[in-house]
Amino acid sequence: MKHLDPRAPLVLDTRELGRRPGSQRQVSRSVPAPADLGIEVLSVPEGAPVELDLRLEAVMEGVLVTGSAKAGLEGECVRCLEPIRDEIAVTFQELFVYDDIRDAEGAEEDDEVSMLQDDLLDLETVLRDAVVLALPFQPLCQDDCPGLCPECGARLADEPDHTHEAAIDPRWAELTKLEQDPTD
Ligand SMILES: [Zn+2]
Ligand SMILES: [Zn+2]
């Protein structure tokens with residue numbers, strides 16, 4: 001496990017709760033988005049503000065974090081590549097278990113369990129999972145985006161009447177040329 005930096009924006013200090021079950025703390029802060037907060041085609045740009053509203057509550061085995069996050073999204077339509085700007089609001093809840101309690105129980109390392117480290121917790125994974133889950137797999141600029149013209153790449157939403165002349169069969173094209181040739 002990497003060592004947590006108490007000054008990192010998404011690391012929260014729970015010492016104030018004194019490990020007394022029932023003690024609570026509200027935290028509201030704006031943090032810069034970590035890298036890769038989202039999916040390839042739609043994400044919160046790195047460094048953009050993420051508004052967090054959190055409740056930290058000490059329970060017997062650790063600290064329960066209940067919260068919400070809001071942020072702006074940037075990406076592109078998977079059909080027509082038009083830039084998309086949107087907003088996302090997610091909620092999450094996660095129990096972070098005291099690391100020394102788990103050690104005392106001789107529990108095996110379990111990646112599924114979020115752990116406190118010296119009473120610090122790192123919200124980054126929880127936040128990322130919540131954001132990724134809330135995103136559409138195939139972001140679109142509009143629900144019925146018609147995409148791009150397969151022949152010339154024009155964005156069809158901008159040109160509803162966009163068409164091409166039906167392609168002429170090359171054999172007929174040859175005939176047309178002969179007919180128009182005055183020396184024949
Ligand atoms: Zn589109
Ligand atoms: Zn076209």
Side-chain angles (χ1 to χ4, degrees), residues 2 4-5 8-12 26-56 64-96 111-114 121-184:
K2 68 174 180 181
L4 295 182
D5 176 0
L10 285 166
V11 171
L12 294 157
Q26 295 285 141
V27 178
S28 292
R29 55 164 83 161
S30 177
V31 301
D36 305 318
L37 187 57
I39 56 178
E40 195 180 337
V41 285
L42 190 62
S43 64
V44 182
E46 184 173 358
V50 180
E51 307 298 333
L52 292 175
D53 269 303
L54 309 169
R55 190 183 72 213
L56 311 183
L64 184 66
V65 180
T66 309
S68 64
K70 274 187 226 162
L73 290 170
E74 287 183 18
E76 60 185 28
C77 173
V78 295
R79 288 192 197 148
C80 74
L81 311 180
E82 186 79 353
I84 295 177
R85 280 174 180 275
D86 204 349
E87 284 184 353
I88 192 171
V90 295
T91 58
F92 45 84
Q93 184 168 59
E94 183 80 3
L95 174 65
F96 289 82
D111 289 341
E112 298 294 303
V113 177
S114 298
L121 64 83
D122 184 0
L123 208 58
E124 184 170 332
T125 304
V126 173
L127 176 65
R128 176 172 289 113
D129 289 352
V131 168
V132 169
L133 259 179
L135 293 176
F137 287 115
Q138 305 270 304
L140 298 173
C141 60
Q142 57 193 59
D143 284 344
D144 55 351
C145 173
L148 301 175
C149 170
E151 274 186 58
C152 71
R155 182 171 179 258
L156 298 177
D158 295 333
E159 302 174 42
D161 301 325
H162 184 88
T163 51
H164 289 266
E165 298 288 322
I168 298 170
D169 185 306
R171 286 166 297 178
W172 291 111
E174 202 58 35
L175 273 178
T176 313
K177 220 163 65 188
L178 289 174
E179 277 166 15
Q180 287 168 348
D181 190 342
T183 63
D184 189 40

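Counting starts at 1 for both ligands and their atoms, in listed order.
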**Q.** Salt bridge present between Glu82 and Arg155 (N-O < 4.0 angstrom)
**A.** yes
State, yes or no, whether a side-chain contact exists between [X] and [Y] at a heavy-atom distance under 4.5 Å.
X      : Y      : result
Glu124 : Val126 : no
Ile84  : Leu73  : no
Val11  : Asp5   : no

Q: Would you tell me whether Asp53 and Ser28 have side-chain atoms, one donor and one acceptor, within less than 3.5 Å of each other?
A: yes
Q: Take the Zn ion (ligand 2) and tell me which protein N, O or S atoms are nearer than 2.8 Å.
A: Cys149 SG, Cys152 SG, His162 NE2, His164 NE2
(Q) How wide is the angle at the Zn ion (ligand 1) spanned by Cys145 SG and Cys141 SG, rounded to 10 degrees? (A) 110°
Q) Counting only N and O atoms by type, is there a donor-acceptor contact under 3.5 Å from the side chain of Arg29 to the main-chain atoms of Val50? A) no
